Protein chains: 2
Amino acid sequence: MDKKQIQEERTRGYFVEATKNILRSEGVKGISVRSIADAAGYSFATLYNYFRDVRELVFICVGDFRQEASEWITQKTMAAKPGLPRIEALAMAYADYFVEYPGIFQLFFIEKLNEISNSQQTAGLVYNFLSDLCTTDCEVATVSGQLGNEELKDRIELINNLVAGALLFYLNRISPPSYTDFRTSLQKQVAMIVQGKG
Amino acid sequence: MDKKQIQEERTRGYFVEATKNILRSEGVKGISVRSIADAAGYSFATLYNYFRDVRELVFICVGDFRQEASEWITQKTMAAKPGLPRIEALAMAYADYFVEYPGIFQLFFIEKLNEISNSQQTAGLVYNFLSDLCTTDCEVATVSGQLGNEELKDRIELINNLVAGALLFYLNRISPPSYTDFRTSLQKQVAMIVQGKG
DNA sequence: CAAAATTAATGAACATTGTTCATTAAACAA
DNA sequence: TTGTTTAATGAACAATGTTCATTAATTTTG
């Protein structure tokens, strides 16, 4: 019984890993039942012995990617000064991650997770991602004066919306036209919110 | 030669109208070559005598919908006080329109317009929509003091990103869970930007 | 160890997509 | 009326997700 469980989990892992690789390299457009199964070394039909459908499989990747993104972002923001400055840096690194992996942006924000059992959970994983990244620096900034905790949380929620929208336009609509423009524009906007006007 | 032109344009119009009806009622998920042709009273193959592919047809609707949305929004914001207050109202009505027609939100912001000839133009139509709506009130607010023109434009661009992101989360991810929550939260955020902090 | 029973892996098949193209039907010109 | 251009169409194809009965493998049992 235990061996069953382990083998089954392992096979599921092969499919998940294959899916993650495709999402990273080609994005959602590269995903198909047959491409995943090929990459995993199985027939497309086998996939349905381990997952209800292809969307379940795809959304399982969200948790893994959030973890990877979290490490990528904390790495990039280690040098920043704790508190408000690092909150700014976190928001920008958060944006940069999705610019680096636009396929994951699409998975997180655009692909809709209908009718799947744990959809609410996955949605929270995405929605609270930036807030969670900012938790410790939020406390630091609150303790060291300047801003009330509630006020700061509201601003981070605003930045959460702001960055998602900016990415949506930039990655989907080609506006601003260049990464540099996108980056400086967003930087300015985030700073304006964090520092309370500019 | 003239009759040809007129008839051709008329037939194109039937397809466009059919597409718009489907987009309004069912959204992008209701769109297929066959469903459009059915609604237009033609065979699916006929569509290809008038449009390069189904995406060209779908994106032709963007201009029409922008016009319709523009009227809807100006109607809803007529009573608001010109200048900064109406800019706030415009941003909220803009959001409300897409809540009312989520299928059009998807068309505008999510459906990607690849490789189509006038894609850049269509992208601008979407990206500059809110800014254009605010043009006159932007001037009013600038003339009547308070805020520099450039500064105000920057803030409207920020609100543009903000609203798009908030809608993305609300319509795609079910967060906030209720319309009331979404509405009050966004209201507060927009006010904070327009009034420079809160 | 061999036979039986359970479990895993698979290809055939179906429905639905977008798209192309040769053929039919219609409108028009001679 | 006949010949020609043009519009409308269904057949056909490839790619998609999904289901299911059938193989192949593995485990259990006598």
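None of these values were measured; they are calculated from a predicted model. By convention in this document, chain letters (A, B, ...) are assigned in the order of the sequence lines, proteins followed by strands, and residues within each chain are numbered from 1.
Summarising the geometry, the separation between CD on Gln7(B) and P on dA8(D) is reported as 9 Å, rounded to the nearest angstrom. If you take CG of Asp38(A) and C1' of dG11(C), they are 14 Å apart, rounded to a whole angstrom. Atom CZ in Phe15(A) sits about 15 Å away from atom C1' in dG17(D), given to the nearest Å. To the nearest angstrom, P of dA15(D) lies 18 Å from CD1 of Ile31(A). With rounding to whole Å, Asp53(A) atom CG is found 5 Å from dT18(D) atom P. Atom P of nucleotide dT6(D) and atom CD of Gln5(B) are separated by 13 Å, given to the nearest angstrom. One can place OH of Tyr14(B) at 15 Å from C1' of dA8(D), the figure rounded to the nearest angstrom. For the pair Arg52(A) CZ and dT19(D) P, the interatomic distance rounds to 10 Å; values are reported in whole Å.
Nucleic acid contact class of Phe44(A) (heavy atoms, under 4.0 Å, all strands): base. Heavy atoms of Val33(A) sit under 4.0 angstrom from at least one base atom. Counting non-hydrogen atoms under 4.0 angstrom, Phe51(A) reaches nothing in the nucleic acid. The residue Thr46(A) sits close to a base: some heavy atom pair falls under 4.0 Å.
Of the side-chain N and O atoms in Ser43(B), none sit less than 4.0 angstrom from OP1 or OP2 of dA8(D). Between dT18(D) and Tyr48(A), a contact under 4.0 Å exists linking OP1 or OP2 to a side-chain N or O. Using a 4.0 Å cut-off, some side-chain N or O of Tyr50(B) falls inside it from OP1 or OP2 of dA8(D).
Of the residues near DNA chain C, Ala45(A) and Arg34(B), the one whose nearest nucleotide (by heavy atom distance) lies more toward the 5' end is Ala45(A).
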**Prompt:** Do Tyr94(B) and Phe98(B) pass the ring pair (Phe, Tyr, Trp, His ring centres under 6.0 Å) test, and can you show the C-alpha distance, the side-chain angles, and the key distance before you say yes or no?
**Reply:** CA-CA 7 Å; Tyr94(B) 173 84; Phe98(B) 292 113; 5.2 Å; yes
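Judged by distance alone with a 3.5 Å cut-off, a donor-acceptor contact links the side chain of Asn49(A) to the base of dA9(C).
Under a cut-off of 6.0 angstrom, the local environment of CD in Glu71(B) is crowded, with over 12 non-hydrogen atoms contributed by other residues, nucleotides or ligands.
Using a 4.0 Å cut-off between charged nitrogen and carboxylate oxygen, Glu68(A) and Arg24(A) count as a salt-bridge pair.
Across Leu152(A), Val140(A), Asp137(A), a single residue satisfies side chain to side chain contact (heavy atoms under 4.5 Å, CB included) together with Leu84(A), and that is Leu152(A).
Counting only heavy atoms from C-beta outward, the side chains of Tyr179(A) and Asp96(A) approach each other to under 4.5 Å.
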